[in-house]
Amino acid sequence: MGDFWNYWSFKTDAKGRQVWDFSSPNPTNAWDSEEGKVFLAEMQRAFTFDKKANPNSADLVYRRKQSLLNRNLQDAPPNNVTSVYQKGTSYYTSLQSESGHWPGDYGGPHFLAPGLIIASYVTESPLPAAHQVLIKQYFLNHQNEDGGWGLHIEDKSTMFGTVLQYVALRLLGLTANEPAILKARNWIHKHGGATGIPSWGKFYLSVLGVYEWEGCNSLFPEMWLMPESLPFHPSKYWCHARMVYLPMAYCYGLKVTGKVTPLITELRKEIYTERYEDIDWQKARNHCTPTDLYHHPAALLKLLNTVTNAYEKVQLPSLRKRATNFILDYIKAEDEQTNYIDIGPVNQVINSICVWHAYGKASEAFKKHSDRWFDYLWVAEDGMKMNGYNGSQFWDTAFAMQAMMESYQPEADAALRKAYQYIEKSQVTVEVNDSKKFYRHPSVGGFPFSNAEHGWPITDCSAEGLKVALQVKRLGFQVDNPISDLRLKQSADLLLSLQNKDGGWASYELTRGPKWLELLNPSEIFGNIMIDHSYTECSSACIQALHAFKQHFPAYKPTETQNAIEKGIQFILSQQRADGSWYGSWAVCFTYGTWFAIEALMAVSLQKQTPEIKNAIDRACAFLLSKQEPDGGWGESFESCLKKEYVPHRSSQIINTSWALLTLMAAGHTNKAAIDKGIGLLLSRQMDSGDFPQEGISGVFNHSCGISYTAYRNVFPIWALGRYVKTYLNK
Ligand code: LAN
């Protein structure tokens, strides 16, 4: 098995680009030959994965390779806190790349790779054979027992997941009678057929030509020509919604559809319960299978759809042309600003389709686009998946550094120094072109989630970057190329400019639109996608960063900074729930949100704690203690995110346990016995290698979709153990 893994090599460069290369043992790449076919089939088998044991893969392909390269472990040391801490750190540093960041699996969602397969089919730009085989294997590995797939790896089957993987598998060459396909088709038919796929699915199927554009509600490209002052102008959307609905509107406006090949004709026969010709497309527009429905489209949206659908019948070609030309200009700007990586995996792929449609397959723009597809693909023991971003390089590195700096260990020095170089290189130092025209908030001073080439700064990534840089300064840690004071000030300026009126911070930009814009959310599968809301986690990170900044630069905008911090704290306090917890929007779930909230409250109140803050902290700790499991750990299920109520996991989870411990220790809680028990759980879970096991999924977005953060199973135990060492052992 290992042999076949070895044909895949991971490449990264100084800019943090991550690509998996396949080096063929067969120099002529004759995959059609008998020998070639046997090779590919054997390789496919080497990526067999048992979803039933745990649908979360453990990123073993990267980790085995990298840790073998860099191991320098002492022999099994005794099982005490310090040794587990050191071993955990030493293992994790062995995974660091030459460029200083920690590469890792960022998969989880099930709607990304099918989009890419559809794009590559429509644009007649097939992925290399070896990639296709591993993507196919990934889909097969993740099929649920009932034959379907969900929105993400831990989800129950949905029409969205099932139809998309079904179609993708067929495009990748599986025949209609293969057992996996039969099972999937059975699921689709039993649940009423593909007319019930949610609107994003209707979109992909229409582009592919297995669904009619008439069966989609209008995506109304002319919306972009409306006055910007309107409260529902798309410039006011959350940037991810804005950048996804943009190319979608182009495709809808021009009814972009691939060639109707014989395979497409077959698919039209396979995925519906009635004849394709008999489908009532108008009725299908608002039909969503109940398994998929997370967000119920509001009456206001339905009303608006009636208007825009009616307009579609009489639309003016000249206006349509103006609108789609504007969209193309916008896509060009986004492509150039992000070096064709684009803000995320969804618009990257749909932009590729638009660029292909507008400029052709031979165009420079399309070539640059399809070259970036590879930045999103990741190989793990469950096959090849599409990551939720072009990686989580910066985010993981900023956290890893903080975890390792929590308590001083000379063994981590070299890794920290290298990691700092990645942080330094990632800061945005120049504004993007046409930033105003295309509704970009200023970027300079900010830090992205992945790498500088991607370049969209994020509030909390910027805050974590600033925190790291300031902590390095405070510790007097010697690094090459220290980030200048000017750049640190630019970073603080950016955070100040991003504070919302409610005192909180959203994810990428200011909250631009009114709350009621959520009533126009057309996606049945995601919640809160229309505007960028203030979040506890983002707000906490910004408060902590500004607080640290104030200590280093007390004379720089002192009143403004202080006011921002105070308003931020009020926002955090306002988000605390009656049970003492905070909801976490970007990871699972209340242990995450509560950890962030407490870090901010503690950071700013170390000298003087108001009764209000003290009370909030006490209630948070009481909440956490009430959720501690008998084995000493904490475990939260992904269901917490969906239900917005704490739902315990089947078993304690090291990541939730680490967050709970970090919180209790930050708060200086006196129940040391509870903390010791939690630490005991972490110690018991460490593996011989120094790694920790991959347990349940730990990331989430838009309340409904899980996403994997492979780094968390190492970074957070290290951080919690480091805090324990610092608090109780190194006194
Ligand atoms: C991310 C990844 C990072 C994440 C954090 C920085 C961790 C968070 O604190 C703020 C929100 C942010 C930036 C975030 C937002 C939503 C993203 C971009 C993602 C989870 C990665 C993928 C996801 C994106 C929306 C996926 C495409 C789906 C759509 C609904 C457009």
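All ligand and atom numbering here is 1-based and tracks the order in the structure.
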**Study point:** Option whose closest heavy atom lies nearest to atom 13 (C) of ligand 1, chosen from Asn347, Ile458, Thr459
**Key:**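 It is Ile458 whose heavy atom sits nearest to atom 13 (C) of ligand 1.
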Exercise for review: Closest by any non-hydrogen atom to atom 8 (C) of ligand 1: pick that one out of Trp200, Tyr535, Trp586, Phe394.
Suggested key: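 Considering heavy atoms of Trp200, Tyr535, Trp586, Phe394, the nearest to atom 8 (C) of ligand 1 sits in Trp586.
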Point to revise | N or O contact, Tyr508 vs ligand 1, cut-off under 3.5 Å | key: no
Ignoring hydrogens, what is the shortest heavy-atom contact between [X] and [Y]? Give both atom names and the distance.
X      : Y      : value
Phe638 : Glu154 : CB-OE1, 4.0 Å
Ser57  : Ala380 : OG-CB, 4.1 Å
Ser704 : Phe526 : OG-CD2, 3.5 Å

For [X] and [Y], take the angle between the two ring planes, folded into 0 to 90°, and tell me which bin it lands in: parallel under 30, tilted 30 to 60, perpendicular over 60.
X      : Y      : result
Trp20  : Trp378 : perpendicular
Tyr592 : Phe596 : perpendicular
Tyr330 : Tyr439 : tilted

Exercise for review: Kindly indicate whether a cation-pi arrangement holds for Arg512 with Trp238, taking the cut-offs as under 6.0 Å to the six-membered ring centre and within 45° of the axis.
Suggested key: no
Below 4.0 angstrom from a heavy atom of [X], which ligand 1 atoms are there? Numbered from 1 as shown, please.
X      : result
Tyr709 : 2 (C), 3 (C), 7 (C)
Tyr389 : 18 (C), 21 (C)
Gly388 : 21 (C), 22 (C)
Phe526 : 30 (C)
Asn702 : 30 (C)
Val244 : 31 (C)
Val346 : 27 (C)

Give me the nearest non-hydrogen protein atom to [atom] as residue plus atom name, then the distance to 0.1 Å.
atom                    : answer
atom 17 (C) of ligand 1 : His240 NE2, 4.3 Å
atom 3 (C) of ligand 1  : Phe449 CE1, 3.3 Å
atom 9 (O) of ligand 1  : Asp460 OD2, 2.3 Å
atom 28 (C) of ligand 1 : Phe701 CE1, 3.8 Å

Check your understanding: When you look at NZ of Lys425, are more than 12 heavy atoms from neighbouring residues, nucleotides or ligands closer to it than 6.0 Å?
Key ->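 Counting other residues, nucleotides and ligands, NZ of Lys425 exceeds 12 neighbours.
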Point to revise | Lys567 atom NZ: more than 12 heavy-atom contacts under 6.0 Å | key: yes
Check your understanding: Is the closest heavy-atom distance from Trp238 to ligand 1 below 4.0 Å?
Key ->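 Flag set, Trp238 near ligand 1.
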Review point. Does ligand 1 have any atom that is closer than 4.0 Å to a heavy atom of Tyr106?
Key: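 It does, in that a heavy atom of Tyr106 comes within the 4.0 Å cut-off of ligand 1.
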Point to revise | Passing candidate, ring pair (Phe, Tyr, Trp, His ring centres under 6.0 Å) with Phe449, options Trp456, Tyr389, Phe394, Trp586 | key: Tyr389
